[in-house]
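Heavy-atom basis, side chains included; hydrogens, waters and symmetry copies ignored.
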Amino acid sequence: MENANVLARIAAEVGVGVHQVTAVDKLLAEGSTVPFIARYRKEAHGNLDEVQIGKIQDRVKYYTELEERKETILKSIDEQGKLTDELREKIVGCFVKSRLEDLYQPYKPKRRTRAQVAKEKGYEPLADQIWNGEPFEGTDEDLQYARDILAERIADIADVRGAVRQAFATHSKVKSEVVSPKPTEPTKFEQYYEFEESIATIPSHRYLAIRRGQAEKVLWVHLELEKEPVISRILEILEGLEVRGILERNRLTRAQIELAAEDAYKRLLAPSCEIDVVVEKKMEADRAAVEVFAENLRHLLLASPLGSKAVLAIDPGIRTGCKVAMMDATGKYLGKTVIFPMQKQLEAEKAVAMIVAKYHAEAIAVGNGTAGRETESFVRATLKKLHAQHPEIPIPIVVSVSEAGASVYSASEIARKEFPDLDLTVRGAISIGRRLQDPLAELVKIDPKAIGVGQYQHDVDQNLLGGKLNEVVVSCVNGVGVELNTASAPLLERVSGLTPTLAKAIVEWRDANGRFESREQLKQVKGLGPKAFEQCAGFLRIRGAKNPLDSSAVHPERYELVERMASDIGLGVGDLVGNSLAAKKIDIRKYIAPGVGEPTLKDIVNELVKPGRDPRKTFEPPKFRDDVTKIEDVKEGMKLEGVVTNVTAFGAFVDIGVHQDGLIHLSELSDNYVSDPASVVKAGDRLQVTVIGVDRARQRISLSAKSKPTIGGTGMGGGAQPSRRAPRTTFGPSSGRGGFSCNPFANL
């Protein structure tokens with residue numbers, strides 16, 4: 001983008017320097033990605049972070065679209081022969097889309113209007129006489145036709161339309177009422193049956209709740225605005241535009257213009273401006289909700305990985321049994337079976353014990369869907385018996401794992417390609433086990449919207465939501481780094497610079513040639529050119545590579561620099577990488593050069609100290625109470641440990657080990673005042689909570705994180721609805737190859 005005024009506006013909006021915006025814009029135009037720019041071009045843009053770079057990217061897109069729209073509008077008006085120098089200047093100098101459309105309003109092709117009919121009947125001269133304050137005569141019918149022309153003329157004035165829109169945006173109230181006939185059964189929208197709140201201050205989650213009530217045909221929703229002040233403002237604008245006759249001419253002229261202004265407001269301006277404000281408010285609410293979803297997803301993706309440990313995964317089921325799958329430490333599928341703990345307990349115990357012993361399972365992942373806690377209790381009891389009979393066998397940890405999205409993955413094309421010979425049920429179990437080993441690597445295979453990361457996610461703009469969540473996935477993948485020799489194609493395609501086609505090509509090269517021994521070999525992959533290599537290389541890791549820098553976040557373009565650093569202190573690169581004492585002695589000031597400043601040099605030294613470090617926290621399994629497995633077990637006053645599953649604008653939902661999440665309203669999050677729940681908790685946090693209310697009829701659990709909570713409170717507030725986990729698929733009988741032999745303790 002070459003428009004200096006636009007670049008300056010973006011700089012002001014983002015709160016950075018114009019030179020920084022210019023640098024980011026140039027890098028984006030050259031095909032660089034946000035993660036690459038943030039990590040490897042810090043000197044160019046002045047050490048901006050991903051959030052700032054992302055905002056610049058968004059604003060560049062906005063103004064690019066605006067400039068394109070300006071060109072279209074200018075061309076349209078010019079073709080009509082109505083483009084004056086003054087109008088051109090106004091359009092060129094406009095930087096707000098709504099204002100631009102207001103300027104274009106008089107020149108837009110219109111369907112047949114009342115004003116056009118009046119003009120065809122010859123009433124425009126009469127309308128001009130009134131508009132100019134000249135003497136006029138006419139019947140009531142004549143004057144009505146003239147006012148139709150004047151009303152459209154008034155409505156087409158950009159300042160008038162902007163003022164009416166502003167009035168709706170700042171002074172109108174959102175009003176909701178229950179539809180008629182009133183629903184006979186209770187609904188979750190009862191608090192909105194008679195409700196009003198300022199459009200300017202209503203929180204996004206409340207607005208989305210009302211919109212959902214409207215979509216479900218439970219509520220009737222509209223904006224209410226006092227019309228007299230708005231019409232007075234329209235007349236003031238007309239006076240400012242020197243429409244003669246408003247103040248100086250006779251009262252008959254004024255009366256006609258006032259009637260035309262009122263008609264313009266009621267018939268032409270109010271309906272369209274209300275829609276504009278409703279759409280903008282919805283977009284504002286969507287953006288706020290999407291930011292919450294994005295933050296929840298980020299923490300979910302960056303959840304602590306169990307790591308390279310053999311995992312036995314169980315997808316719970318009652319009627320059709322529990323689907324069991326075994327993975328080795330790398331996530332490789334080893335085999336499967338079905339057990340029926342509820343119907344054939346002894347046989348199920350023997351099967352689990354045999355698998356644990358034979359495959360040296362280090363962890364057992366149990367899906368948290370229907371019968372999840374019962375299955376978890378069964379597994380713990382089985383392991384206790386196994387340890388009593390065979391104390392020499394290491395007992396694996398048991399972890400409850402979210403099933404959200406597992407059924408979506410199991411039916412996906414990705415799953416079919418990974419496991420073409422396996423049934424849906426087994427694929428779902430494998431997904432549960434692998435997401436315990438590495439949540440990020442497994443969850444990237446699932447549409448982020450299917451993971452269930454927020455309230456009202458189906459009500460917001462799906463393109464906005466999908467785009468933002470994909471940004472988060474890309475950010476997380478590149479922030480952690482990807483092991484080149486084990487990564488799946490879905491994971492690789494999230495790496496900076498790699499497309500789905502290139503990701504597939506990398507996997508095909510790996511299948512044909514064996515493991516990558518160096519990053520340099522990436523250049524042998526078909527279609528992976530210099531630009532793609534530049535963008536992706538630093539985010540790909542090769543564990544055990546000959547060059548130790550290939551397993552670090554140091555970019556290949558800086559290998560020569562690291563070699564010089566090592567040589568200067570009398571070491572080889574292999575002796576420097578991971579040698580924290582030696583790395584910390586490096587005087588980075590000696591290596592400052594064009595394009596390489598302190599930020600990049602500090603990053604390099606940090607990598608030399610801890611090469612390829614994983615930024616995620618150490619895994620720690622949640623600790624749920626064994627005697628609390630369903631909502632009927634939850635009692636007021638109980639103190640429980642829970643895991644935050646979702647953070648919303650009105651509080652946080654917490655998994656306490658029953659199928660229904662509980663809600664900590666923002667008023668119960670802390671002993672201190674909390675305005676933003678995200679400032680106190682995030683998805684994945686472990687909390688000590690107290691149950692302050694249980695509504696079993698509505699499946700609602702109210703929790704508090706306060707040190708001295710008040711028992712018996714609702715804890716809901718703000719129109720919150722309970723967070724329900726995504727419904728799990730009821731799987732059919734197991735099929736496919738590689739099943740276990742369930743001979744009781746055959747290998748012990």
Side-chain angles (χ1 to χ4, degrees), residues 306-307 309-329 333-403 425-426 428-430 432-437 619-630 632-633 640-641 655-659 731 733-734 738-748:
L306 176 67
K309 296 183 184 297
V311 172
L312 171 64
I314 302 178
D315 182 2
I318 300 176
R319 183 179 60 84
T320 57
C322 299
K323 291 73 189 174
V324 180
M326 186 70 207
M327 276 75 63
D328 69 11
Y333 164 72
L334 300 176
K336 53 96 178 161
T337 191
V338 180
I339 59 175
F340 294 84
M342 314 305 171
Q343 298 92 337
K344 302 176 182 179
Q345 183 175 338
L346 181 59
E347 183 179 321
E349 287 178 354
K350 291 177 179 178
V352 170
M354 182 278 294
I355 297 168
V356 168
K358 179 178 179 180
Y359 292 95
H360 308 291
E362 297 170 87
I364 298 179
V366 181
N368 70 345
T370 304
R373 289 309 307 281
E374 293 85 348
T375 303
E376 190 180 339
S377 296
F378 155 76
V379 171
R380 292 184 188 278
T382 298
L383 294 177
K384 188 175 181 181
K385 290 182 182 179
L386 176 62
H387 181 67
Q389 296 176 27
H390 297 277
E392 74 280 5
I393 297 177
I395 299 302
I397 61 172
V398 181
V399 183
S400 176
V401 177
S402 171
E403 289 185 1
T425 61
V426 184
I430 293 171
I432 290 169
R434 284 180 169 179
R435 70 175 62 182
L436 175 61
Q437 292 175 316
F619 178 79
E620 181 184 346
K623 300 173 183 176
F624 298 132
R625 276 176 53 165
D626 292 336
D627 59 338
V628 180
T629 61
K630 53 188 180 300
E632 288 75 18
D633 299 329
L640 305 168
E641 179 173 306
D655 180 4
I656 55 173
V658 299
H659 189 59
F731 294 120
S734 178
F740 292 111
S741 164
C742 286
N743 181 17
F745 297 92
N747 300 302
L748 298 184

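- N368 places none of its side-chain heavy atoms less than 4.5 Å from the side chain of F624.
- Side-chain contact between L312 and V379: absent, with no pair of heavy atoms (C-beta onward) separated by less than 4.5 Å.
- Looking at E347, its side chain never comes within 3.5 Å of a backbone N or O of I339 through a donor-acceptor pair.
- Between M327 and L334, the shortest heavy-atom distance links the atoms C-CD1, 4.1 Å.
- Between the NZ atom of K350 and the NZ atom of K385 there is a distance of 10.5 Å, given to the nearest 0.5 Å.
- When atom types are taken as modelled, the side chain of K630 and the backbone of V628 share no donor-acceptor pair closer than 3.5 angstrom.
- For the atom pair NZ of K309 and NE2 of H360, the computed distance is 14.5 Å after rounding to the nearest 0.5 Å.
- E362 places a side-chain N or O within 3.5 Å of a backbone atom of A310 that can act as its donor or acceptor partner.
- At a threshold of 4.5 Å between non-hydrogen side-chain atoms, the residues V399 and L306 do not count as touching.
- To the nearest 0.5 angstrom, R625 atom CZ is 10.0 Å from I656 atom CD1.
- Taking all atoms of both residues into account, the shortest heavy-atom contact from R380 to V398 is NH2-O, 3.2 Å.
- Summarising the geometry of M342 relative to A371, their closest heavy-atom pair is CE-CB, 4.5 Å, with the distance given to 0.1 Å.
- The two residues T320 and F340 come nearest to each other via the heavy atoms C-CE2, 3.5 Å.
- Note that CG of D315 is 11.0 Å distant from CD1 of I430, once rounded to the nearest 0.5 Å.
- We find that R373 and E376 are joined by a salt bridge, their nearest charged nitrogen and carboxylate oxygen being less than 4.0 Å apart.
- E349 places no side-chain N or O within donor-acceptor distance of the main-chain N or O of F378, the cut-off being under 3.5 Å.
- Looking only at side-chain heavy atoms (C-beta outward), I364 and L383 come within less than 4.5 Å of each other.
- Taking each heavy atom of S402 and R435 in turn, the nearest pair found is O-NH1, 2.8 Å.
- The NE2 atom of H390 sits 10.0 Å away from atom CD1 of I395, with the distance rounded to the nearest 0.5 Å.
- With a 4.5 Å cut-off on side-chain heavy atoms, D627 and D633 do not count as touching.
- Rounding to the nearest 0.5 angstrom, the gap separating the CD1 atom in I432 from the NZ atom in K323 is 10.5 Å.
- A pairwise comparison of heavy atoms in E403 and P316 identifies OE2-CD, 3.3 Å as the closest pair.
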